[in-house]
Amino acid sequence: MTFRGSDHPDELLSASLSGDLSAEELARLDRHLAECSRCRDELDALSADRRALSSMQTPRAPRDLEARVRAGIEQPSSRRTWFVGLGASVATIAAAIAVAALLGRLPNEPGSSPSPVPSGSEIASPSIVEPTPEPSVAAAFLAPGDLGYFILSGDVGAQQLVFHNDRTGAEIVAPTTSGAILAASLSPDGQWLAYISRKGESGANEVWALNLADSSSVRLGCSVQFPFTERLAWSADSSLLAYTLAANDIGPSAGCNEPEAVYTTNVWLFEADSRAVRRLTGSEDAYAAMFVQDINSDATALLVSHATTADSSAQPWTEMWKLTAPAQEPIHLWDGVFLPLFGTDQVESTEANVLFFVPLFASDATGFWNLQGGGVPLIGIGSYVTNPIQGIPAISPGFAGSSITEWHVSWSPDGQQFASWSSNSSALFVNSPQAASGGGPDTPVAIDLPSEGAWIVDAAFSPDGADLLVTIGIPSAGIGDPPSSQLVRLALSGGSQSVISEGGANPPWTGPAVFAR
Amino acid sequence: MTREQSDFDRLFEEYADAIYGFALRLVGDPDRAADIAQDTFIKAHRRLDTLTDPGAARAWLFRIASNTAIDEMRRYRWTRPFGTDAARYEQRPDPQPGPEAQAMAGTLDHRLQVALLKLKAQQRQCLLLSDLEGMAASEIGVVMDLSPGAVRTLLSRSRADMRRLLAAEGMTR
């Protein structure tokens with residue numbers, strides 16, 4: 001047995017110290033040692049190290065340990081120590097509770113309310129669309145495992161947008177948008193569907209939240225189409241949605257905010273209980289990454305990344321906002337890390353899979369990078385508990401040669417796979433963190449495209465991770481015609497593909513899709 | 001006294017020092033180690049009915065201790081994102097002022113501890129279970145939820161990294 005291509009059986013040497021060799025392995029090692037002075041020396045050195053470790057002082061346990069244990073047995077501690085967060089779905093939270101129960105601890109109850117709004121933040125008046133005249137839909141529009149997706153139908157000027165349950169055929173009418181739906185995210189409790197729609201051909205996006213219980217909607221803001229802003233992040237308890245708006249110059253006449261310095265970005269929050277919308281940051285270079293749970297105080301915290309568009313010497317960085325009262329300064333976490341996106345299901349492992357962007361053109365995470373400079377992103381898979389994130393840099397396939405700003409990623413529910421795609425191409429890649437850390441497969445997922453020039457809009461994993469629901473954009477038929485799309489279900493094993501939806505009448509836009517968990 | 005209580009008492013008496021020592025070498029801090037040991041035995045008491053094979057008690061208990069320690073280390077680092085474990089260990093205020101603590105500083109023990117803390121947590125765990133506790137790869141696998149093959153590979157890498165760290169500490173043979 002060799003180790004990492006070496007001619008020397010380092011693993012056998014190590015295993016021999018604790019008597020873990022079979023007779024055959026021992027014989028093989030003895031034969032090698034008879035001829036290899038390097039390994040003899042190595043074995044001596046390892047043996048000495050082991051002797052040194054084994055002879056370390058073994059201090060006695062504190063005298064009061066027994067009393068402390070007895071006190072703890074008689075009166076269980078109320079200290080909460082479990083780290084759940086990471087954008088966990090209801091199912092993931094349930095799994096975490098099961099694991100925690102196994103180890104005698106309980107995490108936070110799902111649905112706990114966040115603390116009040118920190119002072120000094122801007123409150124914007126939401127635009128609330130009243131429920132439609134139809135009777136209220138049932139509270140659970142999507143049952144666990146149900147697939148839902150958008151369908152935009154009708155002629156320009158007379159369009160209707162609905163959210164459709166694939167199993168039951170039930171539909172909720174959503175505020176009509178004039179363009180494609182680019183992103184959708186279901187709150188973990190299944191009550192709210194947040195989505196981003198293009199505002200016709202204006203070059204702006206709108207962010208919405210649709211309540212699936214009473215079909216009311218809240219308009220969350222208007223944004224210039226800008227890299228990394230077409231993402232939506234829910235907190236684990238469904239109380240908060242974080243999103244990024246890039247200031248626009250379209251102005252209030254188009255239903256957008258007052259003009260600001262264009263291409264500045266800030267993080268906004270939607271509070272589901274109060275239906276309030278507020279801006280969290282004011283730095284004009286902030287992007288919402290994802291929610292995590294602050295394990296010391298059980299408060300919901302948001303990872304926010306910063307990346308400048310102007311100063312080419314400034315590297316990106318990530319901070320954590322503890323969303324509690326009294327208002328606290330965000331905690332500076334990691335330099336050189338942009339948009340950390342953890343996989344789900346990180347309950348027990350200290351080695352959390354995390355995707356993030358770092359500059360390529362530096363050998364470590366201290367190089368220069370800005371959005372206008374572009375470049376090629378790296379994906380890091382590694383431990384989040386050290387600082388900075390000790391990622392194993394991996395050039396994910398297809399990333400090389402294309403702009404960092406075009407790329408999107410999404411995790412499977414179990415965190416064992418991630419899909420990545422460019423908004424300007426038809427290439428779609430699926431990787432496991434382990435594979436990606438070694439460079440990953442070079443071949444994109446085989447997908448039948450409905451037409452030339454089609455591009456990947458969105459890819460969502462099914463709850464079991466076996467399928468991808470892919471929204472494929474189809475170029476418009478001609479000048480003045482908006483694009484259309486197709487929603488397909490792609491089996492990752494075997495590659496079979498079926499068309500789920502081709503939308504309604506012109507323009508037939510359908511997707512993205514979400515699964516209730 | 002119930003039979004369960006006497007079983008637990010025996011468990012505590014036999015393993016309290018080992019669990020505390022393991023935790024101490026893992027985190028390098030006596031107070032945190034005491035917390036980990038306390039939580040380990042409290043959990044063990046609650047889950048005593050899951051220990052069906054008395055012969056597996058050591059692996060069972062160390063598994064609880066490992067998971068408790070991981071949880072504690074994660075929590076500790078999350079609130080103190082800057083600095084390494086080794087740096088914090090070297091900069092820590094003297095926890096037990098007195099001749100014992102003075103004698104510890106600069107000794108082989110101290111330098112081994114610094115090197116240990118520079119390893120990744122998983123490597124540190126594996127090495128301590130093997131060399132401090134004398135566990136075989138199969139037992140370590142039960143504690144860390146790894147296959148024996150994975151333990152073997154992890155141990156080999158841990159020893160190699162430890163070798164380099166000790167050499168950097170000036171502790172070559």
Side-chain angles (χ1 to χ4, degrees), chain A residues 1 3 10-15 17-20 41-42 44-46 48-62 64-66 68-69 71-73 76-77 81-83 102-105 292 294-296 320 331-334 348-352 383-388 390, chain B residues 12 16-21 24-25 30 34 37-39 41-43 45-47 64 67-68 70-75 77-79 81-84 104 108-109 112-113 116 120-122 127-128 130-132 134-138 145 148 152-153 155-156 158-160 162-163 166 171-173:
Chain A
M1 180 190 298
F3 180 63
D10 291 325
E11 279 197 23
L12 288 186
L13 291 177
S14 167
L17 295 176
S18 44
D20 283 321
D41 289 345
E42 181 70 8
D44 285 346
L46 293 177
D49 293 345
R50 180 177 164 91
R51 279 195 300 276
L53 270 179
S54 62
S55 65
M56 285 179 88
Q57 290 184 27
T58 46
R60 298 296 302 275
D64 66 343
L65 179 63
E66 186 173 2
R68 289 168 59 172
V69 169
I73 290 169
S77 166
T81 59
W82 204 261
F83 184 89
L102 197 65
L103 296 179
R105 285 186 189 273
V292 293
D294 176 22
I295 52 178
N296 262 1
M320 181 174 73
I331 299 171
H332 188 111
L333 290 183
W334 307 301
E348 285 195 84
S349 171
T350 56
E351 296 287 322
S383 171
Y384 73 90
V385 296
T386 57
N387 177 60
Q390 300 288 345
Chain B
F12 185 86
D17 290 342
I19 293 293
Y20 172 75
L24 181 62
R25 297 305 173 191
Q38 174 190 341
D39 288 350
F41 282 104
I42 291 171
K43 285 177 197 171
H45 184 268
R46 289 194 191 127
R47 300 175 55 199
I64 296 174
N67 289 337
T68 305
I70 288 169
D71 189 28
E72 196 278 348
M73 284 190 280
R74 180 195 297 138
R75 183 173 66 246
R77 290 196 188 103
W78 189 255
T79 58
F82 294 99
T84 63
M104 278 282 290
L108 173 66
D109 206 281
L112 280 170
Q113 183 65 62
L116 269 174
K120 287 184 186 173
Q122 197 185 34
L127 209 50
L128 288 171
S130 172
D131 292 356
L132 203 60
M135 288 188 188
S138 55
D145 198 18
R152 182 185 274 203
T153 302
L155 209 43
S156 177
S158 307
R159 294 196 197 289
M162 188 66 172
R163 179 98 292 277
L166 291 175
M171 293 171 67
T172 51
R173 287 178 56 250

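Below, chains carry the letters A, B, ... as their sequence lines are ordered, and counting in each starts from 1. Hydrogens, waters and symmetry mates are skipped; everything else that's a heavy atom, side chains included, is used.
- For a residue to count as touching a neighbouring chain, one of its non-hydrogen atoms must lie under 4.5 Å from one of that chain's; by this rule A:L13 does not touch chain B.
- Looking only at side-chain heavy atoms (C-beta outward), A:D49 and B:R163 come within less than 4.5 Å of each other.
- B:L24 touches chain A through its side chain: at least one heavy atom from C-beta onward sits under 4.5 Å away, while N, CA, C and O do not.
- Atom CG of B:D39 and atom CD1 of B:I19 lie 12.5 Å apart (nearest 0.5 Å).
- For B:L116, the part lying near chain A is the side chain, with the backbone staying farther off; criterion is any non-hydrogen pair under 4.5 Å.
- Between B:L112 and B:L166, some side-chain heavy-atom pair lies under the 4.5 Å cut-off.
- A side-chain donor from one of A:R50 and B:S130 sits under 3.5 Å from a side-chain acceptor of the other.
- Your options are B:A34, B:A18, B:G21, B:A16, and the one with the most heavy-atom pairs under 4.5 Å with chain A is B:A34.
- Ranked by non-hydrogen atom pairs under 4.5 Å with chain B, the options A:G19, A:S55, A:P62 are led by A:P62.
- For the pair A:I73/B:R46, no side-chain contact is recorded, criterion being any heavy-atom separation below 4.5 Å from C-beta on.
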